[in-house]
Amino acid sequence: MADKSGSATVGRAPRADQPQRIRNVVLIGRSGSGKTTLVESLLLASGTVNRAGRVEEGTTVSDHDDVEARQQRSVNLAVAPLWVGDVKVNLLDTPGYADFVGDLRAGLRAADAALFVVSGVDGVDGRTRLLWEECAALDMPRAVAVTKIDHHRADFSEVVAQCRAAFGDGVMPAYVPVVEGEGDSRAVRGLLGLLSRRYYDYSGGERVETDPSPDLAAETEQLRTALIEGVIQESEDETLMDRYMAGEELDRAMLVTDLEAAVARGGFHPVLAMSALSGVGVPELLAELPLACPSPAERPLPPVTTVSGRPVPDLACDPEGPLLAEVVKTVSDPYVGRVSLVRVFSGTLRADEVVHVCGHGLADRGHEDHDADERIGPLSVPLGKQNRPTGAVVAGDICAVAKLTRAETGDTLSDKDRPLRMPPWSFPDPLLPTALRAAHKADEDRLAQAIARLTSEDVTLRVEVNPETHQMVLWCMGEAHLDLALDRLANRYGVPIETEEVIVPLRETFAVPAQGLGRNVKQSGGHGEYGVCRIRVEPLPSGAGLEFVDEIVGGVVPRQYIPSVEKGVRAQMEQGVLAGYPMVDIRVTLYDGKAHSVDSSDMAFQKAGRLALKDAAERTRVAMLEPVDLVSVLVPDEYMGAVMSDLSARRGRVVGSDPVAGGRILVKAEVPQLEISRYAIDLRSLSHGTGTFNREYLRHEPLPPQLAKEYAEGGS
């Protein structure tokens, strides 16, 4: 595979033979926080590459996609393995933009620890706070890296305070930057390790370890005391607190070991200070990754069942155990074809062996469930866009598998003689719809194939063909997600696309009862048509459909033609009587009519039924109906007022609001579908990226008179 990154790679292909020598660390943070640049610095410091790439130049290891190079932001999950001594660290660089949450969730699934990257300039945003809570729910060990500390507007102390307010009291600085000057002349001279009481001087361009000056030690003594007390509280040595309170000087090496153990257990979250561009703090982070992050062998496996759903207990991260692996991401490479990113949880995955592929339970999103055997293709160790061949991958490690034809994101790979299944991790529903069509009719088949491949790669995409409007609707997470999908359809698959507004399926119904006459009498000298029927039409409650009642007495309409009248009524309901929208929720009573012994027929009475419904519609008021959804919006309490006002402006009716853990409010409202087609975008703006929502169809309700008039006259 061609490597377009500007980072020249050196050394051996990262490969481990035991789970204890592996660390899987996911980098999480808002877009622009510096995750990708930090990965480059760590790769350079570890000797994995001999030249660091730059986001602005599109030459980084992580952002190797053409779209990422053009947009200068991550849109894909990328794996960057490096070695620290004899430990392999798989860095999982995730997109920071909310639209690409699917790749973020994939990174969380593949990782055993999380490094939250927070800009020293911009601080903590609401979405990062939500992601911290998500990792806490998974009991995932977490640490914080404050980047860009050499920026003239950076404020390390303020950002640490924000982290503690957002993430809890378990967040404490382990290193403190030493800064000289103000404004544009501000410069980071070095770092002070609070526990080790060692000063790392970067002022000369090289990292030099010395003792701190007495003034610096005195200035940071309060921070050091707080850190020691925090470590002692999390220590498994119950005698430490008593010894500390008695005034005993605790061994520094022991404190550092206890801190690293507390981080691995998830009870303590150190804050490290760094500048990825200048390299300040990068060696310190590189040294801590294998020590403070747990190995896969120390983390429990996700729930595992047999294919039939029976729980499988006592499965461990053991290279000699039964095979259990999962496809966490699928991509289509123009040179290789389909490439699957796989995390091995148990056993050893080997090239050219036959495994069982078990489905992921996402059939409602257009992702077919699987239950079949498939041969593993070539295995490789991914480093950005490079893939270095390998023959086997042990439990706990991550690899790329080429040319899997059946397995998709979320599928489980296991021994063919002992098939297992891991339940899929949670994905948010895509809630931004866009109608697509091929620019040229000849490309319609190619579009269908390209859409199928695109949705097999990304489980946060959903495609449906509306049976009423016949539109192909692609559901995305947001505008950036849509732009990426359209770009790939046009450039990767070569299908020119046109987009259009999604048509909301309206309905028609009778507002008040009416009667209608259907007279279909045609005499032309030969065999004619004769069918006459009289009907009463009454409105029914929403969702009732058509209720057809036969009140014919005396055989005025022969028994064999009564179903023909109903068939004609149903056909006219599908076409509508006012603006071409389907008619629903009416009771039609056939109470009178006439027939001819020669000219009456099934078709004659079908036409009569259609005419009768149209005649009744002309004699009364026909109402236009719009679909209404139950919308549930989850937002922080501070945005509740703005959200409720916005829902009201969309003709929504708020039906309730309930407090939720974490200082959030769940607002429920009934909102017309016509008003929420772009709500995924608008809510993100209203709530500064912290709000989420879901929607489900509730019922159809009458359109307001002015809107009904516009649609009846063929308006928007």
Side-chain angles (χ1 to χ4, degrees), residues 466-469 503-520 531-553 556-557 559 561-593 605-631 651-653 655 668-676 695-713:
N466 191 301
E468 298 178 22
T469 65
I503 299 173
V504 175
L506 302 183
R507 302 281 190 272
E508 300 174 2
T509 194
F510 278 66
V512 293
Q515 296 187 2
L517 168 65
R519 179 178 174 80
N520 178 33
V532 178
C533 64
R534 293 182 181 274
I535 62 173
R536 290 192 301 270
V537 185
E538 305 164 77
L540 292 177
S542 176
L546 169 65
E547 181 182 330
F548 188 83
V549 180
D550 172 16
E551 289 188 358
I552 293 297
V553 294
V556 291
V557 176
R559 184 62 47 193
Y561 296 137
I562 292 176
S564 303
V565 175
E566 181 180 357
K567 188 182 294 184
V569 168
R570 289 186 181 277
Q572 190 60 51
M573 287 177 65
E574 291 177 3
Q575 294 183 3
V577 296
L578 182 63
Y581 297 105
M583 178 165 281
V584 295
D585 304 333
I586 57 174
R587 177 187 293 118
V588 175
T589 303
L590 175 63
Y591 68 91
D592 197 7
F605 273 97
Q606 282 192 46
K607 292 181 179 179
R610 296 175 68 117
L611 292 170
L613 188 65
K614 292 171 70 175
D615 182 63
E618 292 174 357
R619 298 171 184 269
T620 189
R621 181 169 64 87
V622 175
M624 301 284 290
L625 302 176
E626 62 178 338
V628 175
D629 284 357
L630 177 63
V631 179
R651 299 190 287 120
R653 296 185 298 273
V655 296
K668 293 188 175 182
E670 299 175 357
V671 189
Q673 285 187 13
L674 289 168
E675 305 291 343
I676 55 172
R695 51 188 281 190
E696 57 180 306
Y697 170 76
L698 197 60
R699 59 179 174 271
H700 273 72
E701 290 184 355
L703 265 173
Q706 184 57 40
L707 283 176
K709 181 179 179 182
E710 291 180 13
Y711 280 94
E713 294 173 352

Query raised in the report: Residues two or more places apart in sequence or in another chain: which of them pass side chain to side chain donor-acceptor pair (under 3.5 Å) with Gln606?
Result: Asp602
Report summary line: Sorted by chain and residue number, the side chain to side chain donor-acceptor pair (under 3.5 Å) partners of Glu618 (sequence neighbours excluded) come out as none
Query raised in the report: Which value, rounded to the nearest 0.5 Å, describes the distance between Ile503 atom CD1 and Asn466 atom CG?
Result: 8.5 Å
Query raised in the report: Rounded to the nearest 0.5 Å, what separation is found between the CD atom of Glu508 and the CG atom of Leu703?
Result: 11.0 Å
Report task. Side-chain contact test, heavy atoms from C-beta onward, threshold under 4.5 Å: evaluate it for Glu626 versus Glu675 and give yes or no. Result -> no
Report task. Could you tell me which non-hydrogen atom of Val622 sits nearest to which non-hydrogen atom of Ala617, and how far apart they are? Result -> CG2-CB, 3.9 Å
Report task. Indicate the atoms forming the closest heavy-atom contact of Gly516 with Arg619, along with that distance. Result -> CA-NE, 4.5 Å
Report task. Using a 4.5 Å cut-off on heavy atoms from C-beta on, say whether the side chain of Thr509 contacts that of Leu540. Result -> no
Requested in this report: Any chance you could measure Thr469, atom OG1, to Tyr581, atom OH, to the nearest 0.5 Å?
Outcome: 10.5 Å
Query raised in the report: Taking C-beta and beyond as the side chain, do Val588 and Val549 meet within less than 4.5 Å on heavy atoms?
Result: no
Query raised in the report: Any donor-acceptor pair under 3.5 Å linking the side chain of Asp585 with the backbone of Ala544?
Result: yes
Query raised in the report: Is the backbone N or O of Val628 less than 3.5 Å from a side-chain atom of Glu670, with the two atoms forming a donor-acceptor pair by type?
Result: no
**Report entry** Over all atoms of both residues, closest heavy-atom pair of Leu630 and Leu698
**Finding:** N-CB, 4.1 Å
Query raised in the report: Who pairs with Phe548 by ring-ring contact (aromatic ring centres under 6.0 Å, His included), at least two apart in sequence or on another chain?
Result: none
**Report entry** Closest contact, heavy atoms only, Asp615 versus Gln515
**Finding:** OD2-O, 4.2 Å
Requested in this report: Mind checking side-chain contact (heavy atoms from CB on, under 4.5 Å) for Asp592 and listing every partner two or more places apart, or none if nothing turns up?
Outcome: Arg534, Val556
Report summary line: Residues Met624 and Ala579: closest non-hydrogen pair is CE-CB, 4.2 Å
Report task. Rounded to the nearest 0.5 Å, what's the gap from CD on Glu468 to CD on Glu574? Could you check? Result -> 10.0 Å
Query - Worked check of side-chain contact (heavy atoms from CB on, under 4.5 Å) between Val532 and Asn520 - result: CA-CA 6 Å; Val532 178; Asn520 178 33; over 6 Å; no
**Report entry** 4.5 Å side-chain heavy-atom contact, Leu611 and Arg519
**Finding:** no
Report task. Give, for atom CZ of Arg699 and atom CG of Asp629, the distance between the pair rounded to the nearest 0.5 Å. Result -> 10.5 Å
Requested in this report: Specify the closest pair of heavy atoms between Ala608 and Cys533, including all atoms of both residues, with the distance to one decimal.
Outcome: O-SG, 3.5 Å
Query raised in the report: Hey, does the side chain of Asp550 reach the backbone of Ile552 with a donor-acceptor pair shorter than 3.5 angstrom?
Result: yes
Requested in this report: Please determine if Glu566 and Arg570 form a salt bridge, counting it only when a charged side-chain N lies under 4.0 Å from a carboxylate O.
Outcome: yes
Query raised in the report: If you round to the nearest 0.5 Å, how far is CZ of Arg507 from CE of Met573?
Result: 10.5 Å
**Report entry** Residue pair Leu590 / Val569, side-chain heavy-atom distance below 4.5 Å
**Finding:** no
Query raised in the report: In terms of the angle between their ring planes, are Phe605 and Tyr561 parallel, tilted or perpendicular, with boundaries placed at 30° and 60°?
Result: parallel
Report task. Evaluate the salt bridge (Lys or Arg N to Asp or Glu O under 4.0 Å) criterion for residues Arg651 and Glu701: first the C-alpha distance (whole Å), next the side-chain angles of each, then the deciding distance (0.1 Å), finally the verdict. Result -> CA-CA 12 Å; Arg651 299 190 287 120; Glu701 290 184 355; over 6 Å; no
Requested in this report: Would you mind listing every salt bridge (Lys or Arg N to Asp or Glu O under 4.0 Å) that reaches into residues 535-546, with sequence neighbours excluded?
Outcome: Arg536-Glu551, Glu538-Arg587
Query - With Pro627 via side-chain contact (heavy atoms from CB on, under 4.5 Å) - residues at least two apart - result: Val504, Leu506, Gln673, Tyr697, His700
